[in-house]
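Numbers for residues simply follow the sequence, beginning at 1. Since we're looking at a predicted model, the values are computed, not measured.
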Amino acid sequence: MTEFIRKRAANAKNDIFSGLTVALALIPEAVAFAFVAGVPPLVGLYAAFMIGLITSIFGGRPGMISGATGALAVVMVTLVAQGNAMGAEGENLGLYYLFLTVILMGIIQMLAGVLKLGKFVRLIPHPVMMGFVNGLAIVIFLSQLGMFKHVVDGDRVWMQGADLWLMVGFVGLTMLIMWGLPKLNKKLPEALIAILVVSAIVIFGDLDVATVGSFIRDGGGEGLKGGLPQFQSDIFTKVPLNLETLRFIGPYALILAAIGLIESLMTLNLLDELTETNGNSNRECMAQGGANIITGLFGGMGGCAMIGQSIINIKGGGRTRLSGIVAAVTLLFFILFASSLIEQVPIAALVGVMFMVVIGTFAWSSFRILNKIPMSDAVVLVAVSSLTVFFDLAIAVIAGVIISALVFAWENAKRIRARKYLREDGTKVYEIWGPLFFGSIQAFSSKFDVKNDPEYVEIDFIESRVTDHSAIEALFNLVEKYELAGKKVKIKHLSEECQRLMIKASPRLAQVIEEDIDDPRYHVMADVMK
């Protein structure tokens with residue numbers, strides 16, 4: 001699939017057809033996530049339209065699709081429930097608290113863009129990226145299983161008998177068309193054609209299967225029909241704008257902003273790899289933030305990049321901003337004018353498309369390389385995948401980065417070495433190899449024999465780097481130990497910044513540090529020592 005994606009050239013026809021396919025796939029996702037969050041379907045659809053349109057125009061990754069997502073919906077459901085409880089009897093304010101939270105979420109995301117925090121996504125290791133992709137593929141797959149349920153006597157139960165076999169058959173037919181069509185003609189939009197073929201069979205065959213319309217009605221919705229998004233002036237009258245409200249929505253806004261940016265920036269990185277192009281992470285932060293502010297003001301539930309729809313778009317040939325714009329505008333057209341037609345699309349066709357997305361998204365190579373990569377990387381990959389499924393993306397990625405960072409620090413801490421020898425004049429020389437930082441200072445200190453060393457000692461850092469404040473402090477303490485023992489020590493080949501920091505900490509160290517034209521040049525990650 002990766003080779004196919006890379007070879008798919010960018011052109012307007014591909015963008016338009018891909019955008020149409022994405023618009024169809026967005027509808028059940030947006031509606032489902034709205035139900036998860038406990039809000040009306042149109043709130044999810046408006047979010048998909050507004051966020052999709054704004055990020056497509058102003059975002060940092062052409063071809064990436066954004067909208068209402070499940071990762072955010074699972075956090076919003078608690079917010080909406082608590083917001084409803086805070087209103088007077090019979091007054092449900094949860095929706096308005098949600099809108100206000102989405103606005104604050106957008107402000108936080110824009111601040112991240114202004115402060116250029118998007119670049120920190122580069123710190124996410126490849127095993128975390130693979131775990132993220134695998135975890136999201138599993139989450140998308142599990143979310144589609146709910147479509148195999150229907151309402152019986154007011155309860156959603158698993159399909160059985162003819163209903164189940166029809167559902168499975170049409171899902172399989174959709175997947176078969178999407179798999180086989182590119183082998184016959186790669187220029188045709190396989191996902192869109194698969195949806196149209198299965199829809200035609202259901203409509204003209206007058207088959208009783210689950211459709212987009214029945215799915216909305218089963219969830220308590222009234223249908224897709226709606227007008228243009230309206231400015232929600234009630235947000236600022238029904239919700240008290242005070243410190244108590246800020247304390248309530250602040251933590252939710254921060255969590256939603258973090259999840260939204262992490263999912264968006266990691267999806268951006270994935271699409272960069274698939275298309276061999278470069279997106280702009282800081283611009284994407286700004287666009288996501290601005291989109292969520294507008295969405296909150298005009299009655300949407302907020303959102304972020306959607307890996308499933310983005311893969312559909314890229315796989316369908318969507319390469320430019322046109323594809324996202326077409327998807328968003330088409331979605332609005334469906335809401336305004338074609339809701340009755342879209343409600344007839346069978347859920348099975350859309351589930352089949354999403355199952356193909358799962359197959360294309362999951363990093364199957366991770367099974368092949370699992371026993372070939374370091375154990376620590378394998379643990380990170382599995383941990384991130386599992387945490388994404390059982391908790392949420394933010395927790396999974398943060399945990400993966402922390403584990404990777406600790407493993408990196410531990411491995412580098414073991415690499416500190418000291419080559420020791422005596423010169424003819426009796427001076428003992430310590431040639432240090434490896435990075436000196438907070439993790440290696442204990443091993444570094446153990447290399448020295450202050451008590452038994454001769455009167456003159458030289459410590460040479462030509463093959464080492466002093467990288468942080470802890471390392472400078474360890475050097476300072478080592479010099480003090482030698483001086484207390486009545487011995488003279490010289491330190492060679494420190495960087496200019498390291499020398500400056502040590503001398504600022506104690507001017508008498510100027511006599512200990514020996515300057516040389518071969519001194520290395522690098523910066524030290526340390527605050528100014530006082």
Side-chain angles (χ1 to χ4, degrees), residues 1 4-5 8 11-32 65 140-141 143-148 150 159 161-216 224 306 308-318 323 326-327 329-331 333-335 337-361:
M1 187 195 79
F4 172 70
I5 287 173
R8 194 91 179 229
N11 61 63
K13 185 185 73 174
N14 285 344
D15 284 319
I16 291 170
F17 282 136
S18 184
L20 291 172
T21 305
V22 168
L24 288 170
L26 274 172
I27 292 171
E29 293 281 299
V31 170
I65 305 297
I140 294 172
F141 173 76
S143 70
Q144 297 307 303
L145 294 183
M147 303 297 184
F148 287 83
H150 58 180
M159 294 178 180
D163 291 338
L164 177 61
W165 288 113
L166 274 175
M167 182 74 171
V168 171
F170 283 126
V171 168
L173 177 60
T174 304
M175 295 175 70
L176 182 63
I177 293 172
M178 289 186 65
W179 172 79
L181 193 58
K183 299 181 183 301
L184 301 175
N185 191 326
K186 291 184 179 181
K187 295 182 179 180
L188 295 175
E190 63 273 12
L192 181 58
I193 289 177
I195 292 171
L196 293 176
V197 169
V198 173
S199 299
I201 294 172
V202 169
I203 293 170
F204 292 112
D206 196 23
L207 301 175
D208 184 17
V209 298
T211 62
V212 172
S214 66
F215 177 75
I216 294 173
L224 287 177
M306 308 178 76
Q309 277 68 22
S310 297
I311 293 292
I312 291 175
N313 187 42
I314 294 297
K315 190 170 182 287
S323 58
V326 168
V329 172
T330 303
L331 181 60
F333 178 84
F334 290 158
I335 296 171
F337 307 111
S339 58
S340 60
L341 293 176
I342 299 305
E343 287 176 8
Q344 296 181 57
V345 173
I347 288 291
L350 301 174
V351 172
V353 172
M354 295 310 295
F355 277 173
M356 291 300 288
V357 169
V358 169
I359 294 171
T361 301

- Passes side-chain contact (heavy atoms from CB on, under 4.5 Å), V345 versus I27? Steps please. CA-CA 10 Å; V345 173; I27 292 171; over 6 Å; no

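- When all heavy atoms of V22 and Q309 are compared, the pair lying nearest together is CG2-O, 3.8 Å.
- Rounding to the nearest 0.5 Å gives a distance of 10.0 Å between CG of N14 and CG of N313.
- D15 and G317 get closest at one heavy-atom pair: OD1-O, 3.8 Å.
- Atom CG in L196 sits 11.5 Å away from atom CD1 in I201 (nearest 0.5 Å).
- Counting only heavy atoms from C-beta outward, the side chains of I359 and M175 approach each other to under 4.5 Å.
- Note that CG of L173 and CG of L166 are 11.5 Å apart. Values are rounded to the nearest 0.5 Å.
- By the 4.5 Å heavy-atom criterion applied to side chains, V168 and F148 are counted as neighbours.
- M356 has its side chain out of reach of I312: every pair of non-hydrogen atoms, C-beta onward, lies at least 4.5 Å apart.
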- Message: Show, in sequence, the C-alpha distance, side-chain angles and deciding distance for L26 and M306, and conclude whether the side-chain contact (heavy atoms from CB on, under 4.5 Å) test is met.
- Response: CA-CA 10 Å; L26 274 172; M306 308 178 76; 3.5 Å; yes

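- V212 is listed as a side-chain neighbour of L350, based on a closest heavy-atom distance under 4.5 Å.
- A ring pair (Phe, Tyr, Trp, His ring centres under 6.0 Å) with F355 holds for exactly one of F141, F170, W179; it is F141.
- At least one donor-acceptor pair closer than 3.5 Å links the side chain of S214 to the backbone N or O of T211.
- For V209 against P346, the heavy-atom pair with the smallest separation is CG2-CB, 4.2 Å.
- Taking the side chain as every heavy atom from C-beta outward, V351 and M167 approach each other to under 4.5 Å.
- The NZ atom of K183 sits 11.0 Å away from atom CG of L181, with the distance rounded to the nearest 0.5 Å.
- Counting only distance, with no hydrogens or angles, the side chain of S310 and the backbone of I65 share a donor-acceptor pair below 3.5 Å.
- Of the inter-residue distances, the one linking T21 atom OG1 with I195 atom CD1 reads 6.0 Å to the nearest 0.5 angstrom.
- Here the side chains of V326 and F17 are not in contact, with every heavy-atom distance at 4.5 Å or above.
- For the atom pair S339 OG and F333 CZ, the distance stands at 10.5 Å (nearest 0.5 Å).
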